[in-house]
**Student:** 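This is the structure I want to talk about, given as structure tokens.
Order of listing sets the numbers, starting from 1, for every ligand and every atom in it. Worth knowing before you read on, the calculation uses all heavy atoms, side chains too, and leaves out hydrogens, waters and symmetry mates.
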Amino acid sequence: MQNNPEPSETILILGGTRDAADLAKELVAAKPGARIITSLAGRTREPASLAGEVRIGGFGGIEGLARYLTETGVTRLIDATHPFARQISVNAIKASKLAGVPLDIRTRTPWAKQPGDNWIEVETLQTARDAIPPRARVLLALGSQHIDMFGSRDDVHFVVRMIDPPEQRLELPDHSLVLGRPGDTPAIETMLLIAHSITHIICRNSGGKAAYAKIETARELGLPVIMVGRSK
Ligand code: NAP
């Protein structure tokens, strides 16, 4: 009898998202004989626990990832990274070819503009910043690392929503800070937008359900959304 039977397959999930965590859980439950490994970049100090195995840190570019695939005997690679994490997805395409491992791309599809949406579509955060009209009151629905670049707009009031308090003072001349997760219903988002007299929303087109309530709310209230697209 063999003590350590070979796994029926070895799946590497490039993760760092809620979708990737859900996928790991699903695959671990569905494939008891398989080895399911989730890879994290290592950006979060205390990542939430994940089903299956976890490895942390960069691979060292395309060659590094290809080597890892071969040495670990990966039989299937799944890209479930965040839609705005571009480099790792490019690396996954090239490394999967080099190593001859099939790749499944499971990154979220962007939101599509619906009738009634008033979107100003831009390609970069810089263009988003420049598209804000003077004296606007803007909900900045962006990660903390993208906030400081809006500091040059001292003619605009920003409302910044963050899950955790910022570690350093925000470099925005005129702003209010709202601590908490995005509301998951349009009713909650409507209260926030009205309470702060928001005239514009700035966000990235990340797709998915979790952050969509603000987009539906903007549609209902007729508010413009400065939407940063992605080139993934
Ligand atoms: P990125 O710019 O595409 O990747 C930069 C480098 O980080 C990659 O070349 C790779 O290093 C390493 N890396 C990225 N994702 C990795 C993973 N899952 N496992 C191992 N190494 C990884 O990525 P990013 O925008 O910095 O995002 C990093 C991670 O955070 C991603 O896994 C993503 O899913 C998650 N995330 C990103 C965002 C966002 O807005 N960008 C939002 C939420 C979550 P090597 O070349 O050395 O392999």
Side-chain angles (χ1 to χ4, degrees), residues 10-27 35-72 74 76-99 101 103-111 122-129 140-150 160-164 166-167 181-182 201-212 214-215 226-232:
T10 299
I11 300 176
L12 177 66
I13 304 170
L14 298 171
T17 59
R18 184 74 252 161
D19 297 339
D22 291 346
L23 181 62
K25 196 170 162 195
E26 199 182 291
L27 290 174
R35 193 175 167 202
I36 312 295
I37 309 168
T38 299
S39 173
L40 303 175
R43 308 273 192 272
T44 308
R45 250 175 286 150
E46 288 180 29
S49 79
L50 289 163
E53 293 176 44
V54 178
R55 68 155 301 286
I56 298 181
F59 296 95
I62 298 162
E63 279 80 20
L65 177 54
R67 201 176 320 116
Y68 178 91
L69 294 174
T70 306
E71 287 173 359
T72 314
V74 173
R76 187 170 147 212
L77 176 62
I78 303 180
D79 180 4
T81 55
H82 189 273
F84 277 85
R86 296 192 170 109
Q87 187 59 52
I88 188 70
S89 293
V90 170
N91 292 3
I93 293 171
K94 295 187 175 163
S96 69
K97 283 196 185 127
L98 269 181
V101 172
L103 169 68
D104 248 2
I105 299 176
R106 301 274 191 100
T107 50
R108 295 191 298 246
T109 45
W111 299 311
V122 297
E123 287 187 2
T124 63
L125 289 167
Q126 284 84 348
T127 328
R129 177 191 60 200
L140 266 191
L142 299 171
S144 54
Q145 69 275 32
H146 303 302
I147 301 294
D148 286 356
M149 60 166 302
F150 291 85
V160 183
R161 175 166 54 196
M162 290 182 165
I163 296 171
D164 299 311
E167 285 177 5
R181 291 183 181 277
I201 295 175
I202 294 189
C203 64
R204 299 190 301 172
N205 193 340
S206 305
K209 285 191 199 130
Y212 194 59
K214 64 177 177 289
I215 307 298
I226 302 176
M227 181 69 82
V228 184
R230 62 196 200 216
S231 58
K232 199 163 178 172

**Student:** Hey, what do you get for CG (L77) to CG (N91), rounding to the nearest 0.5 Å?
**Tutor:** 10.5 Å

**Student:** Got a second to check how far L14's CG is from I37's CD1, nearest 0.5 Å?
**Tutor:**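 With rounding to 0.5 Å, CG (L14) is 11.0 Å from CD1 (I37).
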
**Student:** So that I can tick it off, tell me whether D19 and R106 are bridged by a salt bridge, with the cut-off set at under 4.0 angstrom between side-chain N and carboxylate O.
**Tutor:**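 No.
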
**Student:** In Å, rounded to the nearest 0.5 Å, how long is the span from CE of M162 to CG of L142?
**Tutor:** 9.5 Å

**Student:** In Å and rounded to the nearest 0.5 Å, what is the CZ to NE2 distance from R43 to H82?
**Tutor:**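 The NE2 atom of H82 is 13.0 Å from CZ of R43, to the nearest 0.5 Å.
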
**Student:** Does any pair with a residue in residues 49-62 pass side-chain hydrogen bond (donor to acceptor under 3.5 Å, both in side chains), and if so which ones, sequence neighbours excluded?
**Tutor:** R35-E53, S39-R55

**Student:** Near ligand 1, which residues have a heavy atom under 4.0 Å away from one of its atoms?
**Tutor:** G15, G16, T17, S39, L40, A41, R43, R55, G57, G58, F59, G60, G61, T81, H82, F84, A85, R86, Q87, I88, N91, R204

